[in-house]
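Here's the structure we're looking at; comments come further down.
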Number of protein chains: 2
Amino acid sequence: MRHARLPASEHIALEDVFHALSDPFRLGVVRRLAVEGEQSCQALEGDRPKSSVSHHFRVLREAGLIRTRNEGVTRMNALRRDDIEQRFPGLLDCVMSRAND
Amino acid sequence: MRHARLPASEHIALEDVFHALSDPFRLGVVRRLAVEGEQSCQALEGDRPKSSVSHHFRVLREAGLIRTRNEGVTRMNALRRDDIEQRFPGLLDCVMSRAND
DNA sequence: TCGATAGTTCGATATTTTTCGAATTTTGGC
DNA sequence: GCCAAAATTCGAAAAATATCGAACTATCGA
């Protein structure tokens with residue numbers, strides 16, 4: 001399998017992170033991963049087609065927000081919590097602070 | 001003059017803020033306003049046409065990040081620092097933390 | 001009132017993103 | 001090897017954003 005592009009912590013760009021988080025679906029995914037931990041794509045897709053979901057996960061991955069690993073036939077997505085915190089301290093707190101508005 | 005739409009502090013939406021900040025020009029404007037204080041549009045336009053600059057300032061205004069007031073023939077733009085801090089504590093620190101990468 | 005300056009608005013085009021079905025890949029189980 | 005499940009990739013079409021010139025508006029000063 002080709003390896004997903006995943007920027008090293010020090011190459012995570014704030015513009016990319018902001019762009020990734022400017023979509024309500026993706027912001028929701030990040031918030032759920034923060035609360036619930038690692039999840040499959042399927043567990044987080046609403047009712048939209050797999051190809052759309054896959055696209056959004058790719059945007060999150062390429063922005064440096066999540067990491068994906070294989071577990072059997074499913075792929076588990078995890079928030080890169082430490083990497084994000086190290087590079088942009090406080091950002092995740094910010095994202096979570098108004099999660100229920 | 002018609003009044004620019006400017007969301008009340010409690011209506012500033014995180015998605016909108018993130019979208020506004022996902023553009024490098026706009027992110028740069030916000031960082032400069034944070035450091036240098038109130039500025040005219042002109043002072044912050046690079047070499048792009050006025051209409052483009054005006055568009056970006058409008059996005060920032062509608063997202064709730066800046067406020068614009070008339071001062072004679074120019075319009076002065078200021079970061080809504082307190083409003084942003086109150087609604088999303090730490091966000092501005094985050095934006096400024098890697099301003100020189 | 002006329003001119004100059006600073007921005008805004010409009011409208012048209014270009015670029016980027018999003019959406020989603022169909023085909024493909026990867027992995028595990030039988 | 002074959003089938004099913006989970007997700008990715010491809011390709012095309014739709015939607016949202018960005019860009020920029022031209023026309024317009026507001027304000028000041030002479």
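The shown structure was predicted, so the numbers you read here are calculated from the model rather than taken from an experiment. Note on naming: letters A, B, ... go to the chains in the order of the sequence lines (proteins, then strands), and numbering restarts at 1 for each one. Below, all heavy atoms of this structure are taken into account, side chains as well, without hydrogens, waters or symmetry copies.
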Winner on side-chain proximity to B/V73, out of C/dT8, C/dA6, D/dT8, is C/dA6
Considering only side-chain heavy atoms of B/K50, which listed nucleotide, C/dA6, C/dT26, C/dT18, is closest? C/dA6
[X] has an atom [atom1]; how far is it from atom [atom2] of [N], in whole Å?
X: A/E71; N: C/dT27; atom1: CD; atom2: C1'; value: 12 Å
X: B/M76; N: C/dT5; atom1: CE; atom2: P; value: 19 Å
X: A/R69; N: D/dA7; atom1: CZ; atom2: P; value: 12 Å
X: B/L60; N: C/dT8; atom1: CG; atom2: P; value: 11 Å
X: A/R75; N: D/dA7; atom1: CZ; atom2: C1'; value: 7 Å
X: B/E62; N: C/dT9; atom1: CD; atom2: P; value: 9 Å
X: B/R48; N: D/dG21; atom1: CZ; atom2: C1'; value: 16 Å
X: B/F57; N: D/dC20; atom1: CZ; atom2: C1'; value: 17 Å

Give a yes or no answer on whether the side chain of A/S54 reaches the backbone of A/S51 with a donor-acceptor pair at less than 3.5 Å. no
For A/H19, is there any backbone N or O sitting under 3.5 Å from a side-chain donor or acceptor partner on A/S22? yes
Can A/V53 be reached from A/M76 by stepping across I, L, V, M, F, W or Y side chains whose heavy atoms are under 4.5 Å apart? no
Using a cut-off of strictly less than 4.0 Å, decide whether [X] has a side-chain nitrogen or oxygen near OP1 or OP2 of [N].
X: A/N70; N: C/dT26; value: no
X: B/S54; N: C/dT8; value: yes
X: A/R58; N: D/dT8; value: no
X: B/H56; N: D/dT17; value: no
X: B/S52; N: D/dC20; value: yes
X: A/R61; N: D/dT8; value: yes

Output for pair (A/I12 CD1, A/L6 CG), nearest 0.5 Å, gives 8.0 Å
Pick base, sugar-phosphate or nothing for B/T74, based on heavy-atom distances below 4.0 Å to the nucleic acid. sugar-phosphate
Between A/R58 and A/E62, does any NZ, NE, NH1 or NH2 come within less than 4.0 Å of an OD or OE carboxylate oxygen? yes
Among A/T68, A/L44, A/L65, side chain to side chain contact (heavy atoms under 4.5 Å, CB included) partner for A/N77: A/T68
Considering the options A/I66, A/L21, A/L60, which one meets the side chain to side chain contact (heavy atoms under 4.5 Å, CB included) requirement together with A/V29? A/L60
So [Y] and [X], do their side chains get closer than 4.5 Å, heavy atoms only?
X: A/D23; Y: A/H56; value: yes
X: B/F25; Y: B/R48; value: yes
X: B/L92; Y: B/L79; value: yes

Does anything in residues 33-46 of chain B reach DNA chain D, meaning a heavy atom under 4.0 Å, and if so which residues? none
Side-chain donor/acceptor contact of B/S51 with base of D/dG21 under 3.5 Å: yes
Enumerate the protein-to-nucleotides 15-17 of chain C contacts in which both atoms are nitrogen or oxygen and the separation is below 3.5 Å.
none

